Chemist: 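One structure, pasted below without further comment.
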Amino acid sequence: MRNAARETEFTGRHMLAIMVAFFGVIIAVNLTMAVLARTSWTGLVVENTYVASQQFNAKMAETRAQAALGWTSTLTFAEGRARYALRDKQDHPVAVKSVAMTFKHPVDDREDEHVVLVRDPDGSFHSEAALPDGVWLVEVEAEAGLATPYRETLRVHLAGGKRS
């Protein structure tokens, strides 16, 4: 009987094993998350924040001038291919010379893709390459005869090749 009681006794070794296992799991999870975070996103928003801050007012003036045009854009997706159209205040197509888009994932830059769109007879533009499903930031740059290109950034979610 005395031997059975001794086998169920909680000792310092048991406590040490529990503590090592507990903190070992926490350290392993933290290291895994740190490695995944480090390898999946560069963390880079701009190359030089000082220069970017000096350009802010000029970019805001361009944005206000662009908004004053009253132009509206349409970005649609079918089978993962983008279609883009730009219309003026009177709902007429804007004479756009060229459209380029950069498709970026919000967190990961490994699948970023720059695409030059092809003009359609109706004045809209389309991409030749299909994009995989997911969340994308689409940076549009359209040459429309202005002093600076017409620019906009859109966030889209593609599911089944269509915008959802």
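This chain uses plain numbering: 1 for the first residue, then up along the sequence. Everything quoted here is computed from the prediction, not taken from an experiment.
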Chemist: Could you measure the distance from the NZ atom of Lys89 to the CG atom of Leu69? Nearest 0.5 Å is fine.
Modeler: 7.5 Å
Chemist: Please walk me through it: do Arg155 and Leu137 pass side chain to side chain contact (heavy atoms under 4.5 Å, CB included)?
Modeler: CA-CA 5 Å; Arg155 185 181 180 104; Leu137 289 177; 3.9 Å; yes
Chemist: More than 12 foreign heavy atoms under 6.0 Å from CD of Gln54: is that the case here?
Modeler: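 Atom CD in Gln54 is packed in, count exceeds 12.
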Chemist: Write down the atom of Ala142, the atom of Val96, and the distance for their closest heavy-atom approach.
Modeler: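 Closest heavy-atom pair between Ala142 and Val96: CB-CG1, 4.0 Å.
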Chemist: Is any side-chain heavy atom of Trp71 closer than 4.5 Å to one of Glu152?
Modeler: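 With C-beta onward as the side chain, the pair stays apart.
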Chemist: Take atom CZ in Phe56; do more than 12 heavy atoms of anything else shown fall under 6.0 Å from it?
Modeler: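 No, the 6.0 Å shell around CZ holds no more than 12 heavy atoms from other groups.
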Chemist: Same hydrophobic cluster for Ile26 and Ile18, using side-chain heavy-atom links shorter than 4.5 Å among ILVMFWY?
Modeler: yes
Chemist: Out of curiosity, Glu143 CD to Thr148 OG1, how far, rounded to the nearest 0.5 Å?
Modeler: 9.0 Å
Chemist: Distance check, rounded to the nearest 0.5 Å: Leu146 atom CG versus Lys97 atom NZ?
Modeler: 9.0 Å
Chemist: In terms of hydrophobic clustering (I, L, V, M, F, W, Y; side-chain heavy atoms under 4.5 Å; direct or indirect links), are Leu154 and Leu117 co-clustered?
Modeler: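 Yes; tracing contacts between hydrophobic side chains, which count when under 4.5 Å, links both residues.
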Chemist: Rounded to the nearest 0.5 Å, what's the gap from OG1 on Thr72 to CG on Asp91? Could you check?
Modeler: 6.5 Å
Chemist: For residues Ala144 and Val94, report the shortest heavy-atom separation together with the two atoms involved.
Modeler: CB-CG1, 4.2 Å
Chemist: Search all heavy atoms of Glu113 against all heavy atoms of Ala129 and return the closest pair with its distance.
Modeler: OE2-CB, 3.9 Å
Chemist: Hey, is the main chain of Asp122 close enough, under 3.5 Å, to the side chain of Asp120 for a donor-acceptor pair?
Modeler: no
Chemist: If you look at every heavy atom in Met101 and Tyr84, which pair is closest and at what distance?
Modeler: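 Shortest heavy-atom separation between Met101 and Tyr84 comes out as CE-CB, 3.5 Å.
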Chemist: Hey, any chance Leu31 and Phe23 share a hydrophobic cluster, counting ILVMFWY side chains that come within less than 4.5 Å of each other, even indirectly?
Modeler: no
Chemist: Check for a donor-acceptor pair, side chain of Gln66 on one end and backbone N or O of Arg151 on the other, with a separation under 3.5 Å.
Modeler: yes
Chemist: Within the structure provided, determine whether Lys104 and Glu139 are in side-chain contact (heavy-atom separation under 4.5 Å).
Modeler: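 Of all side-chain heavy-atom pairs linking Glu139 with Lys104, at least one is under 4.5 Å.
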Chemist: Any heavy-atom pair between the side chains of Leu75 and Arg163 that's under 4.5 Å?
Modeler: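 Side chain of Arg163 against side chain of Leu75, heavy atoms only: contact under 4.5 Å found.
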Chemist: Say you draw a straight line from CE of Met33 to CG of Leu36; how long is it, rounded to the nearest 0.5 Å?
Modeler: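 If I round to the nearest 0.5 Å, the distance is 7.0 Å.
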Chemist: Return the minimal non-hydrogen interatomic distance between Ser127 and Val115, and the atom names on each side.
Modeler: CB-CG1, 3.9 Å
Chemist: How far apart are the C-alpha atoms of Val140 and Leu86, what are their side-chain angles, what is the distance that settles it, and do they pass the side chain to side chain contact (heavy atoms under 4.5 Å, CB included) test?
Modeler: CA-CA 11 Å; Val140 180; Leu86 195 56; over 6 Å; no
Chemist: Would you call Phe77 and Leu131 a side-chain contact if the rule is heavy atoms closer than 4.5 Å?
Modeler: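 Yes, at least one pair of side-chain atoms sits under 4.5 Å.
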Chemist: Donor-acceptor pair, Asp88 side chain versus Pro93 backbone, under 3.5 Å?
Modeler: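 Not confirmed, Asp88 side chain does not pair with Pro93 backbone.
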Chemist: Mind checking whether Phe103 and Trp136 have parallel, tilted or perpendicular rings, split at 30° and 60°?
Modeler: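 Perpendicular: the ring planes of Phe103 and Trp136 meet at over 60°.
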Chemist: Are Phe22 and Met15 connected into the same hydrophobic cluster when the rule is that any two of I, L, V, M, F, W, Y join if their side-chain heavy atoms are below 4.5 Å apart?
Modeler: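 Hydrophobic grouping puts Met15 with Phe22.
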Chemist: If you compare all heavy atoms of Ser124 against all heavy atoms of Arg83, which two are closest, and at what distance to 0.1 Å?
Modeler: OG-NH1, 3.6 Å
